[in-house]
Structure formats: structure tokens, C-alpha cells
Chemist: 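First the structure, then my questions, so here it is.
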Amino acid sequence: MKRLEELKEAGHKAFVAYIMAGDGGLEKLGEQIQYLQERGVTAIEVGIPFSDPVADGPTIEAAGNRALAEGVTLEKVLAAMKGFEFEVKVPLIIMTYLNPVLRFGAERFTEEAKKSGATGIIIPDLPFEHRQLIEPFAKQQGLVLVQLVTLTTIDSRLKEILKEAEGFVYAVTVTGITGTRDDLAEEVGAFTRKVRDLSPVPVYAGFGISKESHVDMLREDVDGFIVGSAIVQAFHEGRIADIEPLIDAVTVPHSV
Amino acid sequence: MTRVKICGLMEEQHVRAASPADAIGFVFAPSRRRVSVERAAQLSRLAPEAVERIGVFVNASFEEIATAVEMVPLTMVQLHGDEPDELIRRIDVPVIQAFSIRTQEDVRKLESSIADYVLVDAPGTEYRGGSGHVFDWSLLENTNLDNSRLILAGGLNADNIQAAISQTNPFMVDVSSGVETDGRKDEAKIQQFILQAKGDSMERTKEKTIDPVGFFGRYGGQFVPETLMKAVKELEIAYEEAKNDPEFQKEYHDYLREYVGREQPLTFAARMTEAWGGPKIYLKREDLNHTGAHKVNNAIGQALLAQRMGKRKIVAETGAGQHGVATATICALFDLDCVVFMGEEDIKRQQLNVFRMKLLGARVESVSKGSGTLKDAVNEALRYWVTNVEDTHYLIGSALGPHPFPTMVRDFQSVIGKETKRQILDKEGRLPDAIVACIGGGSNAIGMFYPFVNDEAVRLIGAEAAGEGVDTDRHAATLTKGSDGVLHGAMMKLLQDDAGQVQEAHSISAGLDYPGIGPEHAHLADIGRVTYEAITDDEALASVVEMSRLEGIIPALESAHAVAEAKKQAQAMGQGDILIICVSGRGDKDMATYAERLEGLS
């Protein structure tokens, strides 16, 4: 994940794509990752389906349900990743709810995630307070446990979380669940500026990012963007090419 | 934990009242409390087997003592005279030697006693063997005496016992005149004394051992998205303040009394008692609450808290609709905005409650995802809360969710168990032998059980839903079949597959149709304090009919699970025993199901 900091120093913005592993069948996972890295995304979050994804909106929930209907599990996703026959050129980050990890075994999960080529983990329902459940094992494997901060994170807590941040910080730009939105609140810019001032690592904005106008609005206040629902839906509907302008809007250097 | 001895017993009802104690004493020396060996033997038969029988003597012969030990029989002997060491050595059972303590000199004497235990008392007046006066406990502070041999007596009563225990930390406390009124033992005082001596000291130890931040053993915690952390932390602080604010408590209890109609009776079920042929059956009547179930106890508490926090919008989930109705009711009363998420499947089977909620002005949102039941309704309510967290309180209806919800819901529902305890002591002069309550998430059960958790002689049994049978895949028997997992903000027991996906539960009863169980229940199951049994749909339906016809009380389907389990428990209990069932709600909401499933009933 060192590359993310280099990117920041070079003044480039990162584009992190989220995909739901196994949506449309697990054999699609490799194809999707290859496609995205060739399109120039900076990193990819590999989503693990869960029966009760309370942080997710309808798009990702539906994708998760399709993947579950295909029999996709955390174990199968990690195995599929190990079997990739192409060169993975971008950091892969496993994004999963806590329960599948606990069921699989936290230590075993970090070992297998490492072997599968992942470099980081995001667990949206594992708060900073309870990170001990996972973090020691992640550290052993050299995996980064990415922290989330939100518009409702109070300042004292924000400082505490950012002190420990590694890889990048996931700045949640809506008070709500994942999913596309027309507008972001005005206060988001001030929030991401504050996070960026305090954070030792790059700050990426996620949740609700689906349009070039969102990128334009926050470009100067963050180091990158995380796009989930819009990509998941585009893959599902076989029109991923529609996302390319959004990727370009972030990654192609802007003439000022 | 300090043991309790109730001494100088002479009457049957007082022996029964002393049954939760660890020891009872019979006085064979000259005293107004003196009993004959024959009388002591009669009384002794009424006490539970585990209770020590202690005979009190003053300068009696070895033969007198040995006869009493054999005839009563006594398990310990307590000597208050100038008995020589040879006598003490000859006695087969453990011996307690009593000393009067006035000065530091007196303390030295007891240090050299060869008896198994030493009892310390204030100097007597008329007779030897106890004065009823306290002595200066600080005299014991610098002794070489091993506290595990120390029995403290003299002027103890319910008011000073906690201080006495914390200052001297004795093996046992001994009380006689402190539990009497006008020279005669008093059942209420006996119970009160035991509660103070045991219950609260246990409470203190528990507070020390359980992680203070929202865990029960390894269950609980705050497993929620970061966006909600601020809200749950604020709630934690606000609840802590409210809990300790007498004004808040007063307001809460005023509403329970004036609006809900508490306290609810503990009804003796004469015909069920007769029909089952075993223990005396008592019914805790939560069905008589306004809105028809226990849910309102919690809804009022949380709605008052929400207003205290400046939140005037409420979101809730509901399974059977009882919590939704209770929440909608309270929101109408306090003029709060109310949205209730309810599974599509539950909306179908609980039409009446859906209409009630709407009539009360709530917005009912149908949830068609997943199995369309309680779990899915909680998911949607959580999503709604994440999105509207700044001005909305999530009024969780069961002892579930992130800390502080499981603790808060338990505390608000504990009114059930507190009333029950007071009522059974009034009616029977003693605690019950067993209590049964139904469990979905577990709010009525934890409210009923919590005040009894430290009364180890009281067996606590939770009845969960076995649906079509625990060996099928259509059940909600989380503790029978579940494993550790995180759902809806807490580590608890879950029905889940090998990949950690939460499974759909099934029960005919919408209120029990949930694949998890509150974290405190998971802990109580682990430590073996509460046992959990599974009751099938058919068993519950049979109990609906039985209770309706025997007692004229039509229970809710949820409560019928408790009735069915109680019937099984009753088979193994004796006629002198007492069994309490928590009737968590009434069956009005289930009439459509009853009509369909019980068709042909005449």
C-alpha cells in the first residue's frame, strides 16, 4: 500500500473500485479485477457477501444476495483469488462484515487473505474499540486494517482513530448507507479537509460517490475516491464502460 | 460469598421463609427461643436439604449434644458456654464456638479456639447465647483469625448487614432478633435480611468481575458502523445519567402505574395447578398491561430517555407487532414521530397490530427482504437509524443490539421480576422453586429473571421456539442449535451456516421468530444459571387451548411457549413447590392464527 502514499505525493488522485465478489458467478471475479486494473483504478475492494449487510444500501445488498445465491463464501473468494493466473498490479482489499470472519476464524482469515494476495482489510461493523479482535492477526501478516471515519465521528475520537491509521482512511461522505446519490451535503468538504489535516495516510471519500460532480466537489479536499454501488450495478447490467468517464475524471491529471 | 444463618427458629412458616439461607439454627439452651429436640426434628424436615441445621447449646453434656445431632439430625453444633476442648473434640460434626467480644483481650481468646468456626457476638445480658447488640466490628480488624472461620453475630439486621459484611468479610452471618417483630420471627424480615446479605453482596462482586463496557462474559459489545458510534456512545452516557436520576425514575414509574396499569397481579392458577398435579402455579400477568404485553414497559422508558436527549423521532422494529404497538402508543402519548419496520410475513400474520399502529398514527414500513420477519425488520430499522441518526432514537424492543440497549431494555423490563419477587414473598413467604419465560430476543425473560439471578435456589428456564422441531431447518432455537456470532450490533448466539451467514428462523409465533438471542441470555446459558428448552409450534398451540380453558386467560403465542415448558417442568416438581410462568402477553393479536390452526375446536 506504499504506492498509495507515493501517488499522493505525486499529486495524483486515487480511484478505488468496490466489487461484490461472486455477483454473476465467482468466475467473473478475475475478469472484473483485470478489467479494472487495466482501466487504471488505483486499488480494488473485494466485497464478501453477507446475509445482513446493515451498512449497505439496496444495490450492494442485492448484489450480495445474488452472490449468496451462487453459493459464494469468504473461503471460496479467497481460494478464487489464489487461483488468479494474471498479474495483480493493484492492491486488493477484502471488505467484509465481521461475522463471516469470526466464523472462518480471525487468525486463519488473515493468513489466507495474505496468501490470496490481499494487502488490506475493511470491516464496516468492527468499530475502533473492538479492533483487537482482528488487528493483531492482521499485523502478523502485514495486512492493513483500514479505518472508517464519518461525519458523525466526534473530534476527539477522530484524532484517536487517525493516530493509528494505516494504508488509507475511509472517509464516509454521507450519514447513511452505501448507494448512489444525487448530491452530497455541503459540510462534506469541511469534514474531509479536517480528516486530511489530521491523517498520516491518504484520505479517500466513499459512500454515495457516483458522479463526476461529486468528484469535482471534493477533488481538492481528498486524496481519492471510493466508488461501489455505481460499479456493482454497471457490472451487473453489463455496461461497465459507462463508468470509464468517472474513473478518468479522478485519475487523469487535471490541467489547472 | 458470605453465608447466612437464621437462628432461633420455632415455627414452620419461618423455616420456610429461611429456605434461601445457608443455615438455620435451633436453640436447645434456656432461652425464649428454646425448642425441644423433637420439635427441631419436625421443623428441620421443612428446610431444603442443602441448608445446614445448627444446634445451639450452653454447657450441655456430650450425651445431650450427641442425641440432638442424631435425632434432628444436626449438621453443625454451636457452643455458647465454657465447653472444654475435650468436648469439642468428641463432637462428630463441625463445631462453632461462640465468643462475646468487648475488648481486644476477648479477641485473643477466640484466636486460640480449636473449634472449626468461631462465632463472635456482643456480650449477652439475660441469657448466654446472643444479645442482639452490635459490638465494635473494628476489633476484628487486627486479628490473626482466618476470615473463613469467622461467623459474625450480634445486632445484625437488614439495614446494617451490608456494612457488617464489607467491614469484616466473614464466612457466615448469624441473625436472630434482627429478623423478629415483637419477639417473634417475621417472614418478610427474614427474606429481606437474606436479600441484603446475599443478593447485594453478589451484585457487588458481579460488578467487579463483568467488563463494565457492555459485555456479558464474551457477549455484547458495540458492533455497529462508525456512523452510529456517536449515537450509541451518547445513549450510553444519557442512560447512565437517567438511571441514576430519581426524577427520571419517578416519571418512569408514574407512567407505569398511571398509564400502563402496573403493578400487575401474580395470579394463582388453581385449575392449572390441579390439572398438572404438581407445584403451585402462579402467573405473572404482563398480558394485563395497556397494549397487551410487556413491551410497553421498555417503550415508555426509552421514549422518556429519547426526549431527555432532545430526540423527537422514533424508529422501531417489530416482530409480532407488540413492540410496534407499544412504541406507536407511547409516541402518540408523547407526540413523537414514529416509523416502525415490520417484516412482510409478520404483517400478514399480525394484521390487527398493523392496523393498531396505523390508527395510533405510526408509519408502518413493510420489509420484504430476506424471510420478511423480525431479523429483516431490524436490518431496515438499523439502516434507517444510520441515515437519520442525528434526530432519531432507535427504540429497540428486545434485549438486543449494541450496548447500552441490552442493559437498558433489561433494566426497564426488570419491573416484571421485581414485582414478582415481592408478590411471591407476600403470598408464600418464600421464593419460587422455578420460573419459566419465553425467549425470542429475550426481553420479558431477562426482565423476569434478572432480579432472581443471584437467588441460586430459584431455577430459571427460558422457552425458545422449536418451530417445526429442532431437528428440522424450520425453528428459532438459538441456544439449542446456535453458535457465537455478531449480528445487529452485538456478539451473541446465532443460527448461522458454516460460512457465517445468518439463517432464517421459523416459528409460528412472530415474536420468537428471530435467529439470535440477547447477549446476556447467551452468557447466562454459558454459565449455566438459566437453562433453555425448545418448544414446538404444536406444543405451544396445545398450551394456548389448555390455558384458555383452565384459567380463562388466552395467552399470546409467545407466552404459550412458556406455558408449554412449564407443564413439562411441573412433571418433575413436588406439590409443595412453586412454579411461576411469565405470561408476557395476551392472545388477541393471534386470533387469526388460532382460528386457522385450531379449526374444528369446539
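Chain naming here is simple, since letters A, B, ... match the order of the sequence lines and numbering starts at 1 in each.
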Chemist: When only pairs under 4.5 Å are counted, which of K375(B), M491(B), E390(B) shares the most heavy-atom pairs with chain A?
Modeler: K375(B)
Chemist: Tell me whether R383(B) contacts the main-chain N or O of P58(A) through its side chain, where contact means a donor paired with an acceptor under 3.5 Å.
Modeler: no
Chemist: Atom OH in Y97(A), atom CG in L487(B): separation rounded to 0.5 Å?
Modeler: 11.5 Å
Chemist: Side chain, backbone, both or neither: which part of I123(A) has an atom under 4.5 Å from a heavy atom of chain B?
Modeler: neither
Chemist: Take atom NZ in K313(B); do more than 12 heavy atoms of anything else shown fall under 6.0 Å from it?
Modeler: no
Chemist: What distance separates E380(B) CD from E61(A) CD, expressed to the nearest 0.5 Å?
Modeler: 6.0 Å
Chemist: Please report the C-alpha distance between I177(A) and T227(B) in whole Å, then the side-chain angles of each, then the deciding distance to 0.1 Å, and finally whether the side-chain contact (heavy atoms from CB on, under 4.5 Å) criterion is met.
Modeler: CA-CA 9 Å; I177(A) 52 182; T227(B) 302; over 6 Å; no
Chemist: For N65(A), is it the side chain, the backbone, both, or neither that has a heavy atom closer than 4.5 Å to a heavy atom of chain B?
Modeler: neither
Chemist: Of all of Q501(B), Q503(B), E504(B), which one pairs up most often with chain A through heavy atoms under 4.5 Å apart?
Modeler: Q501(B)
Chemist: Less than 4.5 Å apart, any side-chain heavy atom of S483(B) and any of R103(A)?
Modeler: yes
Chemist: Does E186(A), at its CD atom, have more than 12 non-hydrogen atoms belonging to other residues, nucleotides or ligands within less than 6.0 Å?
Modeler: no
Chemist: Are the side chain of D125(A) and the backbone N or O of V224(B) linked by a donor-acceptor pair below 3.5 Å?
Modeler: no
Chemist: Please work out whether the ring planes of F223(B) and H130(A) are parallel, tilted or perpendicular, with thresholds of 30° and 60°.
Modeler: tilted
Chemist: Find the distance between CG (L382(B)) and CG (D52(A)) and round it off to the nearest 0.5 Å.
Modeler: 10.0 Å
Chemist: Just checking heavy atoms, which of residues 148-170 of chain A are less than 4.5 Å from chain B?
Modeler: L148(A), V149(A), T150(A), T152(A), T153(A), I154(A), R157(A), I161(A)
Chemist: So which part of F104(A) gets closer than 4.5 Å to some heavy atom of chain B, the side chain, the backbone, both or neither?
Modeler: neither
Chemist: Exactly one of V101(A), L133(A), L98(A) should register a side-chain contact (heavy atoms from CB on, under 4.5 Å) with V486(B). Which one does?
Modeler: L98(A)
Chemist: Which one, E75(A), E129(A), K76(A), leads in non-hydrogen pairs under 4.5 Å with chain B?
Modeler: E129(A)
Chemist: Can you tell me how far the OG atom of S51(A) sits from the CG atom of D376(B), to the nearest 0.5 Å?
Modeler: 9.5 Å
Chemist: Has T175(A) got a side-chain atom pairing as donor or acceptor with T387(B)'s backbone, closer than 3.5 angstrom?
Modeler: no
Chemist: Checking heavy atoms, do the side chain of D498(B), its backbone, both or neither come under 4.5 Å from chain A?
Modeler: both
